[in-house]
Amino acid sequence: MAKMGIMSFAHMHAYSYAACLNELPEAEFVAVWDDDAGRGAAAASQFGTTFIADLEEFLGSGIDGVIVTSENVKHRAMVERAAAAGKWILCEKPLATTPADCQAMIKACADAKVGLGTAFPCRYIQSLLAVKQQIDNGDFGAIYAASCTNNGQFPGGWFAQMDLAGGGATMDHTVHVADVLRWMLGKEFTKVYCENGHLLGRDTDLDDAGCLQMEMEGGVIISHIASWNRAKSFPTWGDVTLELIGEKGVVYIDSFNQKLNVYNDDAMKTEWAFWGDNPDLGLVADFVAAVDEKREPSVTGVDGMRALEVTVAAYKAAAEGRTAAVQRAAC
Amino acid sequence: MNLAIIGCGGMGGNHAQFATNCGLNLVACGDSHKKKAQALAKRFGAEATDDCMALCRRDDVDIVGIMTPTPTHSAYVIAAAEAGKHIFCEKPFGRTVDECLAAEAAVKKAGVRLFVGHVVRYFHEFEAIRAQIEAGKAGNVGFVKAYRGGIFPQGEDMWFRDYEQSGGVTFDSSIHDYDWIRYVFGDVERVFCQALQRDDAIDYALVTLRMKSGVIAHVIGTWAHPAGFRVKVEVCGDNGMITYDNAEAPISSMMRQVEGGQPTMIVPANPVETSPYQLEWVDFLAALEGKGEPKVTPEDATWAVRIASAALESAKSGEPVTL
Ligand SMILES: NC(=O)c1ccc[n+]([C@@H]2O[C@H](COP(=O)([O-])OP(=O)(O)OC[C@H]3O[C@@H](n4cnc5c(N)ncnc54)[C@H](O)[C@@H]3O)[C@@H](O)[C@H]2O)c1
């Protein structure tokens, strides 16, 4: 039985991962640590586990693995502390906000001989798995082009602050799809163009709309919308969609389009009730198994860094008004 | 008033119907393939010819409709203008900006009216989107996305397959969206484009327009699908969103195949009382009668070609093109 802890509930995904830990019979959710004691204690009691205010005490409490779900810029320090204490780590996306931070985290985990995973639950979405299988079977032949979206509602809070988030919508909503494409097509990104800005009046100084055009090895052309463009009145939080153009056919995937339309007079807004499988459960189950088997999580720290490098190139391109090469850091 | 149509293919046939619905008298049909001119002429009791330049000069013709492949437009526009005819030209106005400017100048000099068929401005759904934007339903708009396309078009002698002639989906089809976006959101600052343009008739174009206002517009064009025709629009602002998808249509029918074989799906149908193509003629004819300006000016049509040309240039250079 893997003994698991969560470091920080700053990111809302922590609540889903915590529920997954409680759902998985192979995991024991033993402790929560948070630099916001009130938030951490409340989360611990919500999920029936113990809050430990002191980080050393938390790391010494017999846990085998931790999920890091802090603000983006705090990932590195927390991952380094946990690695030094010999813990297996699953870190929320983006892995960090600079490639240098990613590199340091990857090195810290390698030096400590612990596994480091990046939380990319999209790899566990059944529709994406099914299409990946079809691509691998050669059903679509070569893939020539893609147009993608990771649209979302404005998350607010620390996501709106440069010093905690490290960037706006482009930072928040590029890496999932970048990772999905690397995984599905088995290719690396080569260059990126990006138009972005604060265009949607969201309560932040950061970019709330991003539009990326990218190229992968072999000349695959790709566009991607990374944006907080969903209205508050939109029926759901957002989406992950991909249209792939292949030699033998095309496919459109609307990953979360397994939903009911719910018209409730108290809400006075149409809501979509999702009924598909929970991808977070697959992600957390893989991490728990990695902890148990003392192996790397399936989606690694390097995967997290490669996706972040696309984001970094996007900001560079947007600032310079021309394409930016995707720089792949050594690892 | 009497109409002559040059180019009796897909669009020539459409316009023959819609123009005559508006009371025009189709007197002559011209096509470099005389058989195509004859076929259309027969349907409407008109004369047929393969001498289209002569057709531009016929005394009994008041309006010349130009529905030929894009690179041939400007020569016919100029000939018709010099003969004092009013002109309805299909989009794209020309294959290059220079062609458009020459045609614009000829029209101005002759003092005739030119209308270019940017039909999307007349589509009910696009007018409805514009009305919602103007009513402030999305608030201040910061992002717009348009998606258009389906199967690779055939055309006579497969002219669409020759990217030099048609410009591919980047130029020929997405120009509808460039024009509409410029119509609603103003002028374009810069253009970035990636285009597939494969020789095996698979084309896909990804275009980002940065408007002078700051608005970002993403235009996706596909001639990469094995079937169908899809149009999607999304408008995002600081107080809401407006979305449209032509897959959500009032009619979807499926015919039973009595003799065995697969049932055939009929594409979703969206009937309206007056076709947007006919509304183009209504608007143009009203302008000819002195009742106001049509929604599309020659300058607008040149601008659309300028944006589309910049997209092709960007696809080639790999870098954005500033207008
Ligand atoms: N507004 C729209 O929705 C829309 C849709 C399709 C096409 N178009 C435009 O309409 C124009 C025609 O397209 P189409 O789909 O009808 O093509 P088409 O190939 O079906 O028809 C073109 C016709 O022009 C004839 N032709 C070719 N070269 C000629 C020449 N030099 N002189 C005289 N006739 C000539 C051909 O024989 C053919 O009959 C193009 O500019 C295209 O971009 C507009």
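Chain letters run A, B, ... following the sequence lines, proteins first, then strands; residues in each count from 1. Note that the structure is predicted; figures quoted are calculated from it, not measured.
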Q: State plainly whether the residues A:Asp139 and A:Lys248 are in salt-bridge range, i.e. N to O under 4.0 Å.
A: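 Looking at A:Lys248 together with A:Asp139, the answer is no, because their closest N to O distance does not fall below 4.0 Å.
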Q: I'd like to know if the side chain of A:Lys93 and the backbone of A:Asp172 have a donor-acceptor N/O pair within less than 3.5 Å.
A: yes
Q: Can you name the residues of residues 191-207 of chain B that have some heavy atom under 4.5 Å away from a heavy atom in chain A?
A: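 If one takes a 4.5 Å heavy-atom cut-off, the residues of residues 191-207 of chain B near chain A are B:Phe192, B:Cys193, B:Gln194, B:Ala195, B:Leu196, B:Arg198, B:Asp200, B:Ile202, B:Tyr204, B:Leu206, B:Val207.
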Q: Is the backbone of B:Glu164 close enough, under 3.5 Å, to the side chain of B:Arg95 for a donor and an acceptor to pair up by distance?
A: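 Yes; at least one donor-acceptor contact below 3.5 Å.
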Q: With sequence neighbours excluded, what pairs up with A:Glu243 under the salt bridge (charged side-chain N to carboxylate O under 4.0 Å, His left out) test?
A: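 If we apply the salt bridge (charged side-chain N to carboxylate O under 4.0 Å, His left out) test to A:Glu243, skipping adjacent residues, there are no hits.
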Q: Identify which part of A:Ile225 has an atom lying under 4.5 Å from any heavy atom of chain B, answering side chain, backbone, both or neither.
A: side chain
Q: At under 4.5 Å between heavy atoms, what parts of residues 302-323 of chain B are in contact with chain A? List them by residue number.
A: B:Gly318, B:Glu319, B:Pro320
Q: Identify which part of A:Ala146 has an atom lying under 4.5 Å from any heavy atom of chain B, answering side chain, backbone, both or neither.
A: backbone
Q: Is it the side chain or the backbone of A:Ile245 that comes within 4.5 Å of chain B heavy atoms, both, or neither?
A: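 A:Ile245 touches chain B through side-chain heavy atoms alone.
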Q: Compute the ring centroids of A:Phe159 and A:His11, then answer whether they are less than 6.0 Å apart.
A: yes
Q: Do the charged groups of B:Arg230 and B:Asp245 touch, with an N to O distance under 4.0 Å?
A: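 A salt bridge is present here (some side-chain N lies under 4.0 Å from a carboxylate O).
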Q: With the threshold set at 4.0 Å, does a side-chain nitrogen-carboxylate oxygen contact exist between B:Glu189 and B:Lys212?
A: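 Counted as a salt bridge, because a side-chain N and a carboxylate O are separated by less than 4.0 Å.
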Q: Under 3.5 Å, is there a donor-acceptor pair between the A:Asn196 and A:Thr170 side chains?
A: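 A:Asn196 vs A:Thr170: donor-acceptor pair found between side chains.
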Q: Check whether any side-chain N or O of A:Asp207 sits under 3.5 Å from a backbone N or O of A:Gly197 as a donor-acceptor pair, and report yes or no.
A: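 Looks like no, no N/O pair under 3.5 Å.
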Q: Under a plain distance cut-off of 3.5 Å, with no hydrogens placed, do A:Thr174 and A:His224 share a side-chain donor-acceptor pair?
A: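 No - no donor-acceptor pair under 3.5 Å links their side chains.
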Q: For chain B, which residues from residues 256-274 of chain A have at least one heavy atom closer than 4.5 Å to it?
A: none
Q: Is the side chain of B:His225 donor-acceptor paired with the backbone N or O of B:Ala227 at a distance under 3.5 Å, no angle test?
A: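 Side chain of B:His225 to backbone of B:Ala227: no pair is present.
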Q: Non-hydrogen atoms of chain B under 4.5 Å away: do they reach the side chain of A:Lys232, the backbone, both or neither?
A: neither
Q: Does B:Arg121 come within less than 4.0 Å of B:Glu127, counting only side-chain N to carboxylate O?
A: no
Q: With a 4.0 Å cut-off, would you call B:Asp177 and B:Arg148 a salt bridge?
A: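 Result for this pair is yes, salt bridge flagged.
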Q: Using a strict threshold of under 4.0 Å (side-chain N to carboxylate O), is an ion pair present between A:Glu188 and A:Arg182?
A: yes
Q: Between A:His198 and A:Arg202 (side chain of the first, backbone of the second, donor and acceptor by atom type, cut-off under 3.5 Å), is there such a pair?
A: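 Such a contact is found between A:His198 side chain and A:Arg202 backbone.
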